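Below is one structure, written out as structure tokens, with a few remarks after it.
Proteins get letters first, then strands, A, B, ... in listed order; numbering begins at 1 in each. No experiment lies behind these values; they were computed from the predicted model shown.
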Amino acid sequence: MAAVTELRRVLDGGEPPPGLSEADLLELHRRMVLLRTYDERSVVFHRQGRIGTYAIFWNHEAIQAGATFALDDRDWIFPSYRESAIGLVRGMPVETILQWWRGHPSGWWSPADWNVASICVPIATHVPHAAGLAWGKKLRGEDAVAMAFFGDGATSEGAFHEGVNFAAVMGAPAVFVCNNNQWAISTPIEAQTRAESLADKAIGYGIPGVRVDGLDVLAVYDAAREAVARARSGGGPTLIEAVHYRAAPHATADDPSAYIDQARVDEERARECLGRYERFLERAGILTEEHAAAVRAEAEQALRAGIAAAEAEPPPDEQLLFDNAYVDPPPSLRNG
Amino acid sequence: MAAVTELRRVLDGGEPPPGLSEADLLELHRRMVLLRTYDERSVVFHRQGRIGTYAIFWNHEAIQAGATFALDDRDWIFPSYRESAIGLVRGMPVETILQWWRGHPSGWWSPADWNVASICVPIATHVPHAAGLAWGKKLRGEDAVAMAFFGDGATSEGAFHEGVNFAAVMGAPAVFVCNNNQWAISTPIEAQTRAESLADKAIGYGIPGVRVDGLDVLAVYDAAREAVARARSGGGPTLIEAVHYRAAPHATADDPSAYIDQARVDEERARECLGRYERFLERAGILTEEHAAAVRAEAEQALRAGIAAAEAEPPPDEQLLFDNAYVDPPPSLRNG
Amino acid sequence: MAELTLVEAVNDALHTELARDGDVLVLGEDVGRAGGVFRATAGLRDRFGPERCVDSPLAEAGILGAAVGLCMAGFRPVCEMQYDAFSYPCLDQLITHVGRYRWRSGGQMTFPITIRMPYGGGVRAPELHDDSPEAYYVHTPGIKVAIPSTPADAKGILAAAIRDPDPVVVFEPKLVYRTARGEVPEGEHVVPLGQARIARAGTDVTLIAYGAMVAVCERAADALGGEASCEVVDIRSLRPLDEEAILASVAKTGRAVIVHEAPRTAGFGAELAALIAEKAIFDLQGPVLRVTGYDVPYPYWTIEDAYMPSVERVSAAVRKLVA
Amino acid sequence: MAELTLVEAVNDALHTELARDGDVLVLGEDVGRAGGVFRATAGLRDRFGPERCVDSPLAEAGILGAAVGLCMAGFRPVCEMQYDAFSYPCLDQLITHVGRYRWRSGGQMTFPITIRMPYGGGVRAPELHDDSPEAYYVHTPGIKVAIPSTPADAKGILAAAIRDPDPVVVFEPKLVYRTARGEVPEGEHVVPLGQARIARAGTDVTLIAYGAMVAVCERAADALGGEASCEVVDIRSLRPLDEEAILASVAKTGRAVIVHEAPRTAGFGAELAALIAEKAIFDLQGPVLRVTGYDVPYPYWTIEDAYMPSVERVSAAVRKLVA
Ligand SMILES: Cc1ncc(C[n+]2csc(CCOP(=O)(O)OP(=O)(O)O)c2C)c(N)n1
Ligand SMILES: Cc1ncc(C[n+]2csc(CCOP(=O)(O)OP(=O)(O)O)c2C)c(N)n1
Ligand SMILES: [Mg+2]
Ligand SMILES: [Mg+2]
């Protein structure tokens, strides 16, 4: 009955999507390495007590880098906590994101500065925001697109439903990227849906749904490229389901051993998305070991500099408590 | 892209569904007449100031009588305000329902007495109740089914999504009947969904979806019969979309002339569901004019007796304010 | 000046503000083609087009969530919740996002959302068309809340809410939508938030109310006649709250009765009583009394009059204080 | 008696009540396989099976709405909301149905739903893991609300909630989930709702608190030493509320300071102040003071200590009263 059966793949044999130069392919690689490095270092920083609890996105880099590579800077990104570092693809400083995880106010960037919405913590509640932003851009006659990221568990929330439906009805230029890592903390996908695929939900909204291999950065990019083009040309929203299997804990506080299928995790780690892409680039003669090493070194340097900058910042002024809640605060604001 | 294209019809030419005796077909007719009479009289009662604002269900009788005819008394019905009188098919007294519309406490029946849940006013919020009840029956090893009624507009609510998904995941014996009359007060179906059919939403929940002619009582019954059998045998929920076009105002307070397509309304009135079924029964030699007249007379008598009984009831005791809110009320209950 | 009903004044405010600012748009269920179930948005769709008066899908969280996104695109959305009790699905967006997003943006983005809804009881309606949810809203940081009681204030307060850079929720007392008539300034008319109105001056007891309860307090003041001279304070805005006006009146009278329809426990009346207990304790000549709805589901309408604060209940409270 | 942490006591209560009554089942996100993100439901799935400790879909309104239906099928569902701020999607079901359905059934059906959730700040967590939503819940008719502050009460109050015929919301102070240790009776242990606890006796000032703020008040009482003798009243249950205990203490001390983490405006502290202003006005020797969170979004954790009521802020309030 499922209408969306195909799982799109490009790596391992497929043709790279049109319009990607060697430079593009390498830039995509650089972004994946930067995200991977951010994630791996953050786990260490947490162990060292230098950042707080942290939502690990190891092996989600292909989805995050691939999907956003289809965007222009005028397009908006709506991340969940799982995509906390996605601003890196827009050049957001590493320390900004680290400060969010350190509970420091300088980690709260202005969405308007980067066209990257705030990290959304309550599951799926940013989906209607993306719908509204995209619809608003359309009303203004601007051709910017909104891309929202959320997980498999998020599809069970009313906010997901209302947001995607709103975007569909308004013909809003939105792209909904579902990171289906098959787990919501300890809850497996079977406890979230009886459907064979989450992309099938698109049918109920009257929009296209696509399933891609979430560890295949070019497949993700390709699906996003199509979706963004459709959105920009007035074709309305698309739901992209990027399928993989969570191969790391939900967050630093989580111990998956109680619930996860370790064999499946090992499988997944074996087809880990960055190495897979690097092998593809090497086979294509695009990536050399020297270049890869340089990219890794650059990313590690960025993280070293980032954590140093974050730790160098003075502690925040407690008066910040009362700033920013209102433009025009009520007199009672400081009563407590 | 829509997976559910067929619109199921039985009347005008089709074969009556299996397992319906002549007596059954006439009982179905009796229920439709009773509902029709209740509705038409209620509009008059409202004009006479004998009941309050009233949600008209004229020409929705085929959906309400047809779907519930597939149920046993142990099965539960979850009505919206549009199905306010659906208890009539279970033998609920006319005056009970009239009292609800008169704001009299005796209109608040106990769901446990009839296996008919309270009239649900907040759109779609009863969908999770039906899911929970059906799941609970399954947990208890009872084979009762829950059938919930809601409109096309309701499918835009998060509560619809969460409820249907919950039922699907739990494999709950539930039947979700969407009365698609193509209007939510003044809001047309195109403003609710971009999908070609609401039944398509079933695909995203991994459950069967069926579209039926909402003015064809046997088609509705047939779809419900299949869905109930599936639910009872452990096959999980079904979404039934009963399609028609609202041919009466949303409620006594509403004036559709501002928004409705009058030509389409006239068309719909021409294929009005009760007359259509009566012509079918007459062609089949099952219904005689005498019998029909007797059924109508009986229904009119029931309404005369019902309104008389309702108006004969003494006004409620104001102390009812404080009854029933709690089993074990807090001491502050009467503070005001 | 034109003589308008309260709901006509709301409509007037919307016409005026949409004409004034192209970034303002109205979004809600049945606000467009039908002009709203109470006609509050009548004429907007024809005049400003279906893109500025939008019939939304039936999804309150979607409406408010989309409004957050519209703000990011530079709009000033005015969201209608069709009825008080049907606004509850939007509370999650309100609490987790509408009240926090400006703070989240380091104060660099604004979310000038207006949420307006008819509220309150006494209208002989079926269940859940009678709630007074203001406490849920006013307890939420980042939100402002205002409640007019007269046609002129209904226009001026809604205009102020629409122009306010912060999210403002305006509750419109549906009980007096059509019965409250009064002179309303034509064209632009703004009543700044945070200024209470002395609906009537008095010396013995301060009656503090808002919305439809202001008229009840005024009638109680009449009924009491010579027994007690009541000052009726229409607070108009719950946050920002005009503490000075309340405290000045209580300082003068030494007695306070607070009146609202909402259930008593943790209703806004508790906040008003707490304010007085903190800042006017030495002015008080007696207990601070509340006349409110009860902690029960809003009742069947045949007995709703026994739930709603009445002239009798308000008068009885006043008599207790002046006895 | 066993020495347990507060969260262990919650787990103990769940094991005991599920063993005692086959109609009780636990429903929530990650309560089964993982035993809850705080381990509050640890061991239940293994012991009672996946049908009595159910990992639900990620849908809070669905969880509570399904619980209403489960009650109709004769169950007594215990719903976990994973965190305070993630409970907001369930408010619509709470307000429109959980609090009204018994009334709707003419009092003939019961909805013995328990909603439990970790709440409160100070835990150095990301945004929205720190809220104190009790006012939204306690303002809702048909609902009862309780908040324990000790391991023994955490067990006894949760047991009382599960056995209560009405819907009860239990907020568990996550700040002291693992730091509050104490003797907890083994086996069945019930602490009736509606009875406050005098956490410490005193004569000069009454400190009224609940949850994690009780310990703050006790520390403040210590810190004040000879300056003022403080009586600390742990109300334990917000509805039903033990008015007698509160009024008796204020009658004795003549001074009251109310402490909670939630934002100040229309927080439950306002209800407590209103109670005192109505029923203890002539006992008071000074204003009724509140020490609360501020009317701002719960802050970044690096400065959350400046938001949370502290020993210093509570002590300062007491000094104001005894000065
Ligand atoms: C409304 C809400 N409910 C519960 C939570 C707690 N929570 C945080 S992450 C998570 C699981 C999310 O799973 P999924 O949507 O699959 O995203 P993933 O974490 O796998 O990327 C839950 C339940 C939350 N953040 N928001
Ligand atoms: C949550 C909620 N929002 C709004 C309303 C107000 N309202 C009553 S009926 C209605 C339209 C419902 O349309 P539909 O679901 O198609 O059912 P129909 O009335 O056509 O049977 C609306 C918006 C409500 N009752 N509940
Ligand atoms: Mg996931
Ligand atoms: Mg409809």
Side-chain angles (χ1 to χ4, degrees), chain C residues 60-61 85-96 99-100 102-104 127-128 131 133-136 138-142 238-239 241 256 258 262-282 284 286-290 293-299, chain D residues 60-61 85-96 99-100 102-104 127-128 131 133-136 138-142 238-239 241 256 258 262-282 284 286-290 293-299:
Chain C
E60 294 75 16
F86 307 144
S87 73
Y88 300 136
C90 88
L91 284 174
D92 180 46
Q93 282 288 333
L94 183 93
I95 303 167
T96 61
R100 299 187 207 231
R102 170 181 170 73
W103 161 78
R104 233 175 242 148
E127 221 204 320
L128 293 161
D131 276 12
E134 65 273 12
Y136 298 111
V138 77
H139 182 57
T140 303
L238 283 64
R239 176 156 66 211
L241 180 67
I258 298 155
R264 182 192 195 82
T265 296
F268 192 69
E271 181 61 35
L272 294 168
L275 166 70
I276 293 166
E278 180 190 352
K279 300 189 175 169
I281 193 80
F282 298 116
L284 288 173
V288 179
L289 300 182
R290 287 179 286 168
Y294 301 97
D295 289 350
V296 300
Y298 190 92
Chain D
E60 294 74 16
F86 307 144
S87 73
Y88 300 136
C90 88
L91 284 173
D92 180 47
Q93 282 288 331
L94 182 94
I95 302 168
T96 61
R100 300 187 206 232
R102 171 181 169 72
W103 162 78
R104 233 174 242 149
E127 220 204 319
L128 294 159
D131 275 12
E134 65 273 14
Y136 298 110
V138 77
H139 182 57
T140 303
L238 283 64
R239 177 156 67 212
L241 181 66
I258 299 155
R264 182 191 195 85
T265 295
F268 192 69
E271 181 61 35
L272 294 168
L275 166 69
I276 294 167
E278 179 189 352
K279 300 189 175 171
I281 193 81
F282 297 115
L284 289 173
V288 179
L289 300 182
R290 287 179 287 168
Y294 301 97
D295 290 350
V296 300
Y298 191 92

Top contributor to chain D interface from C:F268, C:Y298, C:Y294 [non-hydrogen pairs under 4.5 Å]: C:Y298
Winner by heavy-atom pair count (cut-off under 4.5 Å) against chain C, out of D:I276, D:T140, D:L94, D:I258: D:T140
Heavy-atom contact with chain C under 4.5 Å, split by part of D:S87: neither
Best-contacting candidate, D:R264, D:K279, D:R104, against chain C by heavy atom pairs under 4.5 angstrom: D:R104
Part of C:P133 lying under 4.5 Å from any heavy atom of chain D: neither
Heavy-atom pair count under 4.5 Å with chain C, highest-scoring of D:R290, D:E271, D:E278: D:E271
Contacting moiety of D:Q93, where chain C heavy atoms sit under 4.5 Å: neither
Residue among C:G99, C:G142, C:G267, C:C90 with most heavy-atom pairs under 4.5 Å to chain D: C:G267
Which of C:G286, C:A85, C:A61 touches chain D most, by non-hydrogen pairs under 4.5 Å: C:G286
Which portion of D:V296 sits near chain C, non-hydrogen atoms under 4.5 angstrom: backbone
Residue part contacting chain C, namely of D:F86, when any heavy atom lies under 4.5 Å: neither
Contacts of type salt bridge (Lys or Arg N to Asp or Glu O under 4.0 Å), residue C:R100, not counting sequence neighbours: D:D131
Qualifying residues under salt bridge (Lys or Arg N to Asp or Glu O under 4.0 Å), relative to D:E134, sequence neighbours excluded: none
